[in-house]
Protein chains: 2
Amino acid sequence: MALEAAELDATFHALSDPTRRAILARLAQEGDVTVMELAEPFAMSQPAISKHLKVLEKAGLVSRGRDAQRRPVHLEAQPLAEVTDWLLGYRQFWQAQFDRLDDVLDQLQALEKQAGKN
Amino acid sequence: MALEAAELDATFHALSDPTRRAILARLAQEGDVTVMELAEPFAMSQPAISKHLKVLEKAGLVSRGRDAQRRPVHLEAQPLAEVTDWLLGYRQFWQAQFDRLDDVLDQLQALEKQAGKN
DNA sequence: CCTATAAATAACCACTTAGTTCTGTACCGG
DNA sequence: CCGGTACAGAACTAAGTGGTTATTTATAGG
């Protein structure tokens with residue numbers, strides 16, 4: 001539960017690649033999937049997918065099962081929860097920025113209304 | 001507002017380094033800071049920090065001002081909001097996994113209570 | 001104008017990444 | 001036991017990362 005730097009490193013790094021995000025998305029909607037099934041929609045070799053899976057596995061984002069010669073991939077969502085928690089630490093901050101933006105927009109609107117009267 | 005792949009790539013990549021996360025944390029609590037002030041607590045040269053800032057800037061996480069020869073760094077939280085939104089798309093999923101974990105723990109507790117009676 | 005300061009840029013280095021192809025291994029099924 | 005299938009591993013390559021030191025640019029100020 002430590003939310004250590006190295007964990008964040010690994011999870012954010014794993015999420016920084018579109019192929020890996022697509023893999024996660026697919027696991028989320030289809031459940032466990034084999035490596036071959038995963039590789040099929042990508043214009044990419046099977047070993048390339050295996051490498052991506054290793055990155056995801058190192059971040060704890062997926063786990064691997066065993067079904068004969070297949071190694072089904074399973075989504076483990078916990079690291080996602082952890083990085084989300086980390087990000088939510090900044091929520092107040094961007095909220096404040098958005099609020100200020102709202103203020104600016106309000107003022108702008110007020111000015112336009114004013115201009116319309118002239 | 002497109003939440004495009006390349007944006008997520010850049011933001012997640014920027015967040016995958018502990019030095020860069022520390023920079024963001026410092027900006028969040030101290031407000032705008034110069035490069036020299038930023039570099040001071042790190043065992044790292046000024047150009048190294050400048051490089052990290054360029055990564056953060058490319059991801060839109062910081063912007064740069066101008067104060068004489070200083071280039072104060074300003075936190076821009078919007079990309080954080082965007083990746084948080086992306087992550088929250090998985091919230092239902094990890095929630096479900098946690099619920100299932102709760103069930104298991106409940107069952108375990110029930111079994112222990114049962115065992116205690118014998 | 002000259003010097004000092006803040007920061008960016010350049011050139012370089014070791015290491016990692018994301019991909020490839022080829023090969024090896026484990027397991028199933030006839 | 002033998003051929004096929006599913007995957008992992010090794011070896012290679014091109015490009016990117018994270019750091020360094022040395023240099024350059026921009027600006028303030030005596």
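Note on naming: letters A, B, ... go to the chains in the order of the sequence lines (proteins, then strands), and numbering restarts at 1 for each one. Quick caveat: nothing in here was measured; it's all calculated off a predicted structure.
Residues B:Leu15 and A:Val83 have side chains not in contact (no heavy-atom distance under 4.5 Å, counting atoms from C-beta outward). With a 4.5 Å cut-off on side-chain heavy atoms, B:Leu24 and B:Val62 count as touching. No side-chain heavy atom of A:Asp32 sits under 4.5 Å from any side-chain heavy atom of A:Asp67. The shortest side-chain heavy-atom distance between A:Pro18 and B:Asp9 falls under the 4.5 Å cut-off. Between B:Leu80 and A:Phe93, the closest side-chain pair of non-hydrogen atoms is not below 4.5 Å. Proximity of A:Leu38 to A:Leu53: side-chain heavy atoms (C-beta onward) are separated by under 4.5 Å at one or more points. Put simply, the side chain of B:His74 does not reach to within 4.5 Å of the side chain of B:Arg64, judged on heavy atoms. Contact check for B:Met36 versus B:Arg70: no side-chain heavy atoms found under the 4.5 Å cut-off.
Contact check, B:Arg64 against C:dA7: no side-chain N or O comes under 4.0 Å of OP1 or OP2. Residue B:Ser50 has a polar side-chain atom (N or O) positioned under 4.0 Å from OP1 or OP2 of C:dA8. OP1 or OP2 of D:dA6 has not a single side-chain nitrogen or oxygen of A:Thr34 nearer than 4.0 Å.
The CZ-P distance, from B:Arg71 to D:dT27, rounds to 10 Å in whole Å. Counting to the nearest Å, the P atom of C:dA7 and the CD atom of B:Glu40 are 13 Å from each other. The separation between B:Lys54 atom NZ and C:dA8 atom P is 9 Å, rounded to whole Å. Across the protein-nucleic acid pair, B:Ile23 atom CD1 and C:dA7 atom P stand 13 Å apart, rounded to whole Å. For A:Glu57 and D:dC7, the CD to C1' distance is 13 Å, given to the nearest whole Å. Rounded to whole angstrom, the span from the CG atom of B:Asp32 across to the C1' atom of C:dA6 amounts to 16 Å. Look at CZ on B:Arg20: it is 9 Å from C1' on D:dG18, rounded to the nearest Å. Put simply, CG on B:Leu15 is 12 Å from P on D:dG18, counting in whole angstrom units.
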Determine which bases of DNA chain C form Watson-Crick or G-U wobble pairs with both distances under 3.5 Å, and write the result as a 5' to 3' dot-bracket string with | for other-strand partners.
-> |||||||||||||||||||||||||||.||
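For A:His13, counting side-chain heavy atoms from C-beta on, the closest listed nucleotide (C:dA7, C:dA18, D:dA8) is C:dA18.
Minimum interatomic distance between B:Ala28 and A:Tyr90 (heavy atoms only, all atoms of both residues): CB-CE2, 3.7 Å. The two residues B:Gly60 and B:Pro79 have their closest heavy-atom pair at O-CG, 3.4 Å.
Exactly one of A:His13, A:Arg21, A:Arg20 qualifies for a side-chain contact (heavy atoms from CB on, under 4.5 Å) with B:Phe12. That residue is A:Arg21.
Taking hydrophobic clusters as Ile, Leu, Val, Met, Phe, Trp and Tyr residues chained together by side-chain heavy-atom distances below 4.5 Å, A:Trp86 shares a cluster with A:Trp94.
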Between protein and nucleotides 19-25 of chain D, map the contacts as a letter string: B base, S sugar-phosphate only, - none, heavy atoms under 4.0 Å, written 5' to 3'.
-> BBBB---
With the sugar-phosphate defined as primed atoms, P, OP1 and OP2, and the base as all remaining atoms, what B/S/- string results for nucleotides 25-30 of chain C, 5' to 3', for protein heavy atoms under 4.0 Å?
-> --BS--
